[in-house]
Amino acid sequence: MNRKTIFSLIAILILFAVFGYEYFLEEETRKEIVNEGEKVKGDTNEYFLPTSSTGQIIHHEGYSLSYNEAHEQAEWVAYELKKSHLSSTNFKRPYFEIDKTVKTGAAHWRNYKDSGYDRGHLCPAGDRKFSKEAHDETFLTSNISPQKHDFNSGVWNRLEQKVRYWANKYDGVFVVTGGVLKGQMKSIGDEEVSVPNQFYKILIDNNTGVTKMIAFLLPHENSNEPLYKFVVSVDKVEKLTGIDFFPELEDSVENQLEASNNYKKWQFY
DNA sequence: CTGCAGGTC
DNA sequence: GACCTGCAG
């Protein structure tokens, strides 16, 4: 074997090493963005996860969800919004992507194209701005529900901003949100993604001493009414959705908090 | 912040 | 389909 041949072989080996390493890095990146959804991540406050009526709970890095295949969207999305998560950084919006960890197949964003409905985030991108990965992860279609644009950019957006206000004020809140997937609903796209007639959002906070809860139930239409007018008991949302929201709480605490629609512990202004 | 539409490659 | 820019509530 002459010297030229040896150099050629070494060069080829180096090329394989470099490309192999790059492929490895890409694999790692993919796992970060769309993990296998098998483990509860350290950042997920499992204690507050609701039950699933569909048997398909998925854990991502930045949020967990229960996917309802019949309606092609999550029945709930849950995550903790810590005070330290609040950030003013501005990431460019990525493209919506099918959530491959949904074994029954998550909806394609094409269902929403020209439907007249927004691809409405359940876990808002604005709540996951502490990292590019967490932000982009909210653009999985398992985190999306059809929403009227006026509603999404209006009263729903106001509520999401209020949640950020409370996360800052009360040093973090745990959030569960979704559409009410019951009754007669319109649907959009070839996969017939259901359009909920109501959306709910439930908050729990145990960071400031006494555990407190608040639940909102909003008709799927824009409104200029103040947000407190949409407050309901957690029990009411449970009856509507068939979901048990905080099963791990001690029963006496759970029963008392979930029956109440008193929002005096939550400061609105 | 919340999003969509249109044009290019 | 991916990517960019512009526009709207």
Side-chain angles (χ1 to χ4, degrees), chain A residues 22 26 29-30 33-34 62-63 65 72-74 76-77 79-100 105-170 172-173 175-179 186-191 193-201 203 216-227 230 268-269:
Chain A
E22 282 186 355
E26 285 175 13
T29 305
R30 276 195 290 274
I33 295 172
V34 183
Y63 59 94
L65 66 97
E72 288 292 2
Q73 64 198 276
W76 54 256
V77 169
Y79 59 98
E80 186 175 12
L81 180 58
K82 298 180 180 179
K83 188 172 183 174
S84 62
H85 288 155
L86 300 171
S87 162
S88 58
T89 55
N90 227 345
F91 295 113
K92 184 185 163 191
R93 288 186 143 236
Y95 301 98
F96 287 93
E97 192 179 328
I98 295 173
D99 186 344
K100 289 172 185 166
H108 195 285
W109 55 263
R110 232 187 279 105
N111 292 290
Y112 293 74
K113 176 95 172 157
D114 298 325
S115 70
Y117 289 90
D118 276 11
R119 304 162 177 102
H121 282 76
L122 294 175
C123 174
D127 283 2
R128 307 283 83 164
K129 288 171 68 177
F130 50 88
S131 80
K132 172 75 172 160
E133 288 71 26
H135 171 263
D136 288 2
E137 192 182 54
T138 68
F139 285 77
L140 295 171
T141 55
S142 53
N143 184 44
I144 300 300
S145 179
Q147 292 181 332
K148 295 177 184 174
H149 184 70
D150 284 355
F151 171 82
N152 189 18
S153 64
V155 62
W156 191 247
N157 188 19
R158 267 199 294 142
L159 178 54
E160 290 173 339
Q161 293 184 40
K162 190 66 71 185
V163 171
R164 280 170 214 134
Y165 169 79
W166 283 325
N168 179 61
K169 188 178 189 63
Y170 302 133
V173 290
V175 187
V176 184
T177 193
K186 291 189 211 170
S187 66
I188 58 170
D190 293 338
E191 293 178 278
V193 181
S194 297
V195 180
N197 297 307
Q198 295 162 294
F199 288 90
Y200 67 87
K201 199 178 283 287
L203 310 180
F216 295 87
L217 182 67
L218 280 68
H220 189 182
E221 59 190 21
N222 194 23
S223 169
N224 293 318
E225 295 287 303
L227 292 170
F230 299 103
F268 278 74
Y269 300 104

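So that the names make sense, note that chain A is the first sequence line, chain B the second, and so on, each numbered from 1. As the structure is a computational prediction, the values presented were derived from the model and not from experiment.
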Give the rounded distance in Å between these two atoms: CD1 of A:Ile188 and C1' of B:dC4. 14 Å
Quick one: is C:dG1 close enough that its OP1 or OP2 comes under 4.0 Å of any side-chain N or O from A:Arg110? yes
What's the CZ-P distance between A:Phe151 and B:dC4, to the nearest Å? 15 Å
Between A:His121 and A:Gly126 (side chain of the first, backbone of the second, donor and acceptor by atom type, cut-off under 3.5 Å), is there such a pair? no
Between B:dA5 atom C1' and A:Asp114 atom CG, what is the distance in whole Å? 9 Å
Just jot down the ring pair (Phe, Tyr, Trp, His ring centres under 6.0 Å) partners of A:Phe268, sequence neighbours excluded, or say none. A:Trp166, A:Tyr263
Base, sugar-phosphate alone, or nothing: which one does A:Lys129 contact when heavy atoms must sit under 4.0 Å apart? sugar-phosphate
Contact nearer the 5' end of DNA chain B, comparing A:Phe91 with A:Lys113: A:Phe91
What is the nucleic acid contact for A:Arg164, judged by heavy atoms within less than 4.0 Å: base, sugar-phosphate only, or nothing? sugar-phosphate
Name all residues meeting the salt bridge (charged side-chain N to carboxylate O under 4.0 Å, His left out) criterion together with A:Lys169; count only those two or more places apart in sequence or in a different chain, and write none if there are none. none
In whole angstroms, the gap separating C1' of B:dT2 from CZ of A:Phe139 amounts to 10 Å
Is it true that, when you exclude A:Lys186 itself, more than 12 heavy atoms of the residues, nucleotides or ligands shown sit nearer than 6.0 Å to its NZ? no
Just the table, please: protein N/O against nucleotides 2-9 of chain C N/O, every pair under 3.5 Å.
residue, atom, partner, partner atom, Å
C:dC4, OP2, A:Lys92, NZ, 2.5

Sorted by chain and residue number, the salt bridge (charged side-chain N to carboxylate O under 4.0 Å, His left out) partners of A:Arg119 (sequence neighbours excluded) come out as none
Looking across every strand, which nucleic acid part, if any, lies under 4.0 Å from A:Gln147 by heavy atom: base, sugar-phosphate, or nothing? nothing
Could you tell me which residues satisfy side-chain contact (heavy atoms from CB on, under 4.5 Å) with A:Gln161, sequence neighbours excluded, listed by chain and number? A:Asn157, A:Arg164
Identify, with sequence neighbours excluded, every residue that meets side-chain contact (heavy atoms from CB on, under 4.5 Å) alongside A:Arg158. A:Val155, A:Leu227
Nearest-angstrom distance from the residue atom CZ of A:Arg128 to C1' of B:dC1: 16 Å
Between C1' on B:dC1 and CG on A:Asp127, what's the gap in Å once rounded to a whole number? 11 Å
Nearest of B:dC1, B:dT2, B:dA5 to any side-chain atom of A:Asn90? B:dC1
